[in-house]
Participant: 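There's a structure below that I have some questions on.
These values consider heavy atoms only, across backbone and side chains, with no hydrogens, waters or symmetry-generated copies.
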Amino acid sequence: MKEVPMSTCEREFILKAIRDKKRIDGRQTYDYRRLKVSFGLERGCCIVELGDTRVLAQVSCKVEEPKKNRPTEGSIIINLELSPMASPAFEPGRPTEAGIEMNRILERNIRDSRAIDTESLCIVAGEKVWSVRADVHVLNDEGNIMDAASIAAITALAHFRRPDVSVMGEEVTIHSPEDRDPVPLSVHHMPVCVTFAFFDQGEFLLVDPNRCEERVMDGRMVVGMNMHREICTLMMSGGMLLVKEQVLRCSQIATVKVAEIIELIQKALDKDAQARQAGEKCGFAESGPTNKITASSKEPVPVDTSGAAQQASQVIQQAGPVDKPMSNLLVQAPGTAQVGEGLVNTWQVEDEHMEEEEEKEGRNGVTNGREAVATERKRPVKADDSGSEEEEKVVLYQGDAETVADPDESIPLKPVPSSTDKPAKKKGKKKKAANK
């Protein structure tokens with residue numbers, strides 16, 4: 001998959017910012033992005049984060065026969081893999097020209113500079129030696145893969161431990177980590193690469209270019225240097241020409257940057273060694289930031305409650321005794337009681353059913369000096385053969401209600417005429433007239 005080309009507006013914006021001695025991410029000309037080195041649970045596993053660029057390095061070893069021209073030396077193999085996970089521009093299974101070029105720079109920077117003592121990897125001269133392999137995987141490409149890969153490779157080699165070996169005659173025994181402590185590699189020096197990007201035919205330069213700056217640069221120069229100010233490798237690419245003053249200036253800047261990077265790597269190695277020796281937790285999970293989600297978090301504020309009891313007693317004394325309200329019981333009828341006098345209905349909507357009930361109570365009122373009990377019983381009354389049914393409404397008076405023992409027994413009840421019964425009586429009279 002080809003990378004999306006950059007528009008002319010974006011290119012001109014980045015170049016104009018560089019000419020004004022500004023960078024799109026807010027850094028200065030010689031500033032590096034945030035560098036972080038973390039280690040895995042196993043020895044020789046390292047992740048380097050340079051801004052958003054992430055590189056993973058894993059070191060392994062095996063026993064093999066040495067080369068015929070070097071029978072007492074082991075071998076160091078460095079492999080750089082650019083997967084599509086890092087960038088859509090990388091294709092799987094096919095190394096690009098940029099990948100081959102960076103792999104050669106790593107080999108020259110570490111193996112050809114004799115950073116690792118290969119003679120210490122010999123087990124039996126001419127028969128068995130250790131072959132150490134460092135696989136560097138680019139996880140995310142946001143610019144300057146070369147620097148991140150070189151830091152990850154040399155840090156993983158310094159962190160790696162190979163199994164201990166004992167030779168008894170012709171018998172070679174490789175001891176497990178439980179039997180004997182693994183042996184670290186003999187690291188003479190730690191070479192680190194520093195990348196410079198040039199713009200406008202070398203007039204402007206930047207340290208640690210990001211992805212956008214790499215796409216508009218005219219060329220770059222990679223300087224591999226160790227703590228002793230020894231140049232291990234030097235590579236230039238791009239269609240531009242530089243004078244010797246520019247090369248010397250870049251080497252002086254690289255001296256300062258390499259010292260800072262190696263100091264950071266050494267601190268990370270010492271911290272990991274102390275954590276493993278003390279038996280503390282280590283690995284990528286422990287090195288990551290612990291982000292906590294809190295809701296309504298606030299710093300505790302001290303509250304003075306020394307005079308609370310005194311203030312409460314003063315308030316109680318000033319308040320005085322509290323009058324307890326007494327409720328009066330209103331007896332409406334024997335066996336009933338009402339608490340309170342009640343209030344007037346304040347609802348503005350009048351209920352039609354309440355008006356009908358008030359009219360019925362007004363018509364019935366008090367019959368024969370006795371109050372009617374608000375108990376109504378409805379029973380169906382069979383009408384003529386037409387199948388319709390009518391209801392009679394019966395009102396039990398207070399004297400009659402006391403004599404009723406069983407509601408299921410048939411008791412002669414006095415029907416009460418209502419407005420609904422008038423049409424039924426007229427209908428009955430018409431039917432009798434028809435029968436006659």
Participant: Rounded to the nearest 0.5 Å, how far apart are CG of D272 and CZ of R43?
Facilitator: 6.0 Å
Participant: Could you check whether atom CD of Q277 has more than 12 heavy atoms from other residues, nucleotides or ligands sitting under 6.0 Å from it?
Facilitator: no
Participant: Is there a side-chain contact between F198 and C250, using heavy atoms and a 4.5 Å cut-off?
Facilitator: yes
Participant: Is there a side-chain contact between M235 and M146, using heavy atoms and a 4.5 Å cut-off?
Facilitator: no
Participant: Within this structure, what is the CG-CD1 distance for the pair L264 and I151, rounded to the nearest 0.5 Å?
Facilitator: 8.5 Å
Participant: Looking at E107 and R104, is there a salt bridge between them, counting it only when a charged N and a carboxylate O are closer than 4.0 Å?
Facilitator: no
Participant: For a 4.5 angstrom cut-off between non-hydrogen side-chain atoms, does I123 reach V129?
Facilitator: no
Participant: Is the number of heavy atoms from other residues, nucleotides or ligands under 6.0 Å of R70 CZ greater than 12?
Facilitator: no
Participant: Output, in order, the C-alpha distance, side-chain angles, deciding distance and verdict of side chain to side chain contact (heavy atoms under 4.5 Å, CB included) for I253 and V194.
Facilitator: CA-CA 9 Å; I253 297 172; V194 179; 5.9 Å; no
Participant: As a quick check of understanding, evaluate salt bridge (charged side-chain N to carboxylate O under 4.0 Å, His left out) for R111 and E73, giving each step before the final call.
Facilitator: CA-CA 12 Å; R111 186 182 62 186; E73 293 183 4; over 6 Å; no
Participant: Let me have the donor-acceptor pairs involving side chains of residues 75-84, under 3.5 Å, with sequence neighbours excluded, atom names and distances please.
Facilitator:
residue : atom : partner : partner atom : Å
S75     : OG   : E64     : OE2          : 3.3
S75     : OG   : S131    : OG           : 3.0
E81     : OE1  : H137    : ND1          : 2.9

Participant: Start with the C-alpha distance between V37 and C46, add both sets of side-chain angles, then the distance that settles side chain to side chain contact (heavy atoms under 4.5 Å, CB included), and finish with yes or no.
Facilitator: CA-CA 7 Å; V37 179; C46 171; 3.9 Å; yes
Participant: Got a second to check how far T195's OG1 is from E214's CD, nearest 0.5 Å?
Facilitator: 8.0 Å
Participant: Supply the atom-to-atom distance N144 CG to E213 CD, rounded to the nearest 0.5 angstrom.
Facilitator: 10.0 Å
Participant: Please determine whether side chain to side chain contact (heavy atoms under 4.5 Å, CB included) holds for the pair M85 and L139, giving the CA-CA distance in whole Å, both sets of side-chain angles, and the decisive distance to 0.1 Å.
Facilitator: CA-CA 6 Å; M85 178 178 60; L139 304 180; 3.6 Å; yes
Participant: Test of understanding: with side-chain contact (heavy atoms from CB on, under 4.5 Å), list the residues that count as partners of E170, not counting sequence neighbours.
Facilitator: none
Participant: Do the side chains of E263 and K267 get close enough for a salt bridge, i.e. N-O under 4.0 angstrom?
Facilitator: yes
Participant: Does any part of the side chain of R162, heavy atoms only, come nearer than 4.5 Å to the side chain of C61, both counted from C-beta?
Facilitator: yes
Participant: Return the NZ to OG distance between K271 and S38, rounded to the nearest 0.5 Å.
Facilitator: 10.5 Å
Participant: Any non-hydrogen side-chain atom of L205 less than 4.5 Å from a side-chain atom of Y30?
Facilitator: yes
Participant: For L15 and F204, what are the C-alpha separation, side-chain angles and deciding distance, and is it a side chain to side chain contact (heavy atoms under 4.5 Å, CB included)?
Facilitator: CA-CA 10 Å; L15 291 175; F204 302 97; over 6 Å; no
Participant: Does any pair with a residue in residues 233-244 pass side chain to side chain donor-acceptor pair (under 3.5 Å), and if so which ones, sequence neighbours excluded?
Facilitator: none
Participant: Enter the distance from R220:CZ to M240:CE here, rounded to the nearest 0.5 Å.
Facilitator: 10.5 Å
Participant: Should the heavy atoms of other residues, nucleotides or ligands under 6.0 Å from CZ of R180 be counted, would the total exceed 12?
Facilitator: yes
Participant: Would you please name every residue forming a salt bridge (Lys or Arg N to Asp or Glu O under 4.0 Å) with R27, sequence neighbours left out?
Facilitator: D25, D208
Participant: Taking only residues two or more places apart in sequence or in another chain, which ones pass salt bridge (Lys or Arg N to Asp or Glu O under 4.0 Å) with D135?
Facilitator: R133
Participant: Taking A308's backbone N and O only, do any of them form a donor-acceptor pair with T305's side chain (distance below 3.5 Å, no angle check)?
Facilitator: no
Participant: Once salt bridge (Lys or Arg N to Asp or Glu O under 4.0 Å) is applied, do any residues pair with R161, and if so which ones, sequence neighbours excluded?
Facilitator: none
